[in-house]
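Keep in mind that the numbers below use all heavy atoms, side chains included, and drop hydrogens, waters and symmetry copies. Convention: sequence-line order gives letters A, B, ...; per-chain numbering from 1.
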Number of protein chains: 2
Amino acid sequence: MVTIPKEDYIKAVFTISFNGNGKVSTKDISEKLEVSNAATSEMARKLSLQGLINYEKYKGISLTAKGEKLALKILRRHRLWELFLIQILGLSWSEVHDQAERLEHHTTEFLIDKIDEHLGFPEFDPHGHPIPRKNGQLPKQPEVTALSEAKIGSSYKLVCVKDESKELMDYLTSIGLQLHTEIRLINKLSFDDSVFVQINKKQISFSKKIADKLSVSVIKN
Amino acid sequence: MVTIPKEDYIKAVFTISFNGNGKVSTKDISEKLEVSNAATSEMARKLSLQGLINYEKYKGISLTAKGEKLALKILRRHRLWELFLIQILGLSWSEVHDQAERLEHHTTEFLIDKIDEHLGFPEFDPHGHPIPRKNGQLPKQPEVTALSEAKIGSSYKLVCVKDESKELMDYLTSIGLQLHTEIRLINKLSFDDSVFVQINKKQISFSKKIADKLSVSVIKN
DNA sequence: CTACAAAGTTAGGGTTACTTAACTTATTTG
DNA sequence: CAAATAAGTTAAGTAACCCTAACTTTGTAG
C-alpha cells in the first residue's frame, strides 16, 4: 500500500535528487519533510521493501523505475493543481504551493486528467517546472543557467523558480519579477557572490542563495 | 485535534439526524461509514470528550452547537466542491460525490471561499441540498414533499435528491430526470407503494425506496 | 415478566507513522 | 591515523484508528 506519507517521501527523494543528482541522504529528506532521522530510516526500509527505492544502509537513497513513475504521478497532480489554482481560481503565486500540497494526495487520475484538459494540456507550472504528462513524460525544458552563474552584461528571461516558499514568491512578486520577465545582469560581487540585475528598469540585488534558485535562459549575449 | 475520521463521524451524525431527526444510533453511523460498532463507540467517547457531541452510553448521539458548526463547515466544503466539479470541470451528476468526499477534508476555508466566490455564492448543490454559507447559515429550502407522499394527478418539480450514490444518479440521468424537471404523479400502487409518474412525456415507475429519496415541490394541484 | 434478539460497549490486539534516546557507521580534521 | 563530529540506524514507546471477540444493556414478543 502506498500511503500519503509514503507519497511524500517519494516526492521528496525525487525533488532533492532532481537538482543535486544521484543519491539522496536521509538527513536531507528528514529536513524537507520535517521529521526525525529515525522516521526517515524506518520509512526507507519500508519503501525499499516495496521496491520504490534503492536503499543500502548508510549509503543513501535513489528511486527505482517504479518509484520514479510514482513520483512523476504525484508531481503531475501537484503542478496541475498549482496552475489550476492560479488560472481558474485566481490565487497568487505565493499561495498555490501549500494548497496544491494538500490537494495532490486526494486527486484521482480521472480528476487530474479533467483538470489537465480544462487547462489545455499545459507543459509548465507557475514556477516554470515541467508538468509530467499522463504517460509520465516530462516536457523538455529550455536550456537554462542559474542566475548566479550568468554572464555580466547579458540579458536573460526568468524560466523557473526552484523554490516554492511563500516568502520568496511574495518577494519576487513585490519587485515585479514574474516568469518570462527580462533580467539583465549588471554586476556580481565576489565578496558574497551576490548579483546586481536590472528588472523593469529598476536595479535590484540578489543574494547568492536567491540567485541560485532563479533559472534563466539567454535572450541576448 | 479534529482529524479526518472525526470529521467523517461528525458529518455522518449531521446527515443522519437531518432526516430522522433527534438522536442518532451508533449502528446507523457504523453502517454509513462502513466501520464496526466498536469503532463508533470508541469514537463517540472521544468526540464527546471534545465537546462535539452529546453522548450518553446506550442512549444515542446528537451534535452539540460546536459539533453542528463543524458539520456545517464540512458540508459547505463538500457541496461547493460538488457544484464546482460539475459546473467548472464538467463532471457528471454521478461522479461528483466521490470526488468531493476526497477533497473536502483538505480544503482550507480560504480556498473554499474562493470557490464560493467563483461560483457566485450559490445556494444549492447539484443534488438540491442547501449550501451552508460562510457564517454557517443554511439557505431556506422550498416547501417540499417526498414523491412517495405526493398527490395523484398533481404536477411537481424535482427539488432535491436525498441520496448521492453513483448508481441512482446514473439511473436518474438515464431517464432524463434532473433537478427542476417536471414530474406528474399518475398513479400509486398500494401493493408495494410504488409510484407511476410522467417525465418528459414518458411514463416511468419508481419503487417506494426511490420515491422516498425524491423531494418535489408542487407546480399545479 | 422473562427470555431472547438486537444494539451497544469493553477488552485486547494490529497497523502506520511518528517521537526520543542510545547506539553504530562514516567522514573530516588536526 | 586517531579522535571528534556528523550522519544514520535501532529500540522502545506513543497516538490514532481500526478490527474481532466477549460481554452488557435495551427493547420486545410471547
Could you state the atom-to-atom distance from CG of B/Leu47 to P of C/dT9 in whole Å? 13 Å
Report the distance from atom CD of B/Glu56 to atom P of D/dT25, rounded to the nearest whole Å. 14 Å
Whole-Å distance, A/Asp8 CG to C/dT16 C1', equals 14 Å
Taking atom NZ as the centre, does A/Lys32 end up with more than 12 heavy-atom neighbours from other residues, nucleotides or ligands that are less than 6.0 angstrom away? yes
With a 4.0 Å limit, can you tell me whether B/Ser41 has a side-chain N or O closer than that to the phosphate oxygens OP1/OP2 of C/dG8? no
Under 6.0 Å between ring centres: does that hold for B/His97 and B/His78? yes
Measure OH/B/Tyr55 against C1'/D/dT25 and give the value in whole Å, please. 12 Å
B/Lys27 vs C/dA7: side-chain N/O to OP1/OP2 distance below 4.0 Å: yes
Taken to the nearest whole Å, CD1/B/Ile29 to C1'/C/dT9 is 14 Å
Heavy-atom check, side chain of B/Ile88 versus side chain of B/Leu119, under 4.5 Å: yes
For C/dA7, does either OP1 or OP2 sit under 4.0 Å from a side-chain N or O belonging to B/Lys57? no
If you compare every side-chain N and O of A/Ser25 against the phosphate oxygens of D/dA7 (OP1, OP2), does one of them come in below 4.0 Å? no
I'd like to check B/Asn187 versus B/Val195 (side-chain heavy atoms, cut-off strictly below 4.5 Å). Are they in contact? no
Nearest whole angstrom, please: distance from the P of C/dG8 to the CG of B/Leu33. 14 Å
Calculate the interatomic distance between B/Arg45 atom CZ and D/dA15 atom P; express it in whole Å. 13 Å
Any heavy-atom pair between the side chains of B/Asp113 and B/Arg76 that's under 4.5 Å? yes
With side chain to side chain donor-acceptor pair (under 3.5 Å) as the test, pick out the partner of B/Glu104 among B/Gln99, B/Arg77, B/Lys11, B/Lys73. B/Lys11
For nucleotides 16-24 of chain D, just jot down a letter per nucleotide in 5' to 3' order: B, S or -, based on protein non-hydrogen atoms under 4.0 Å. SBBSB---B
How about NZ on A/Lys114, more than 12 heavy atoms from neighbouring residues, nucleotides or ligands closer than 6.0 Å, or not? yes
Just the rounded figure in Å: distance from P of C/dA17 to CD1 of A/Ile10. 12 Å
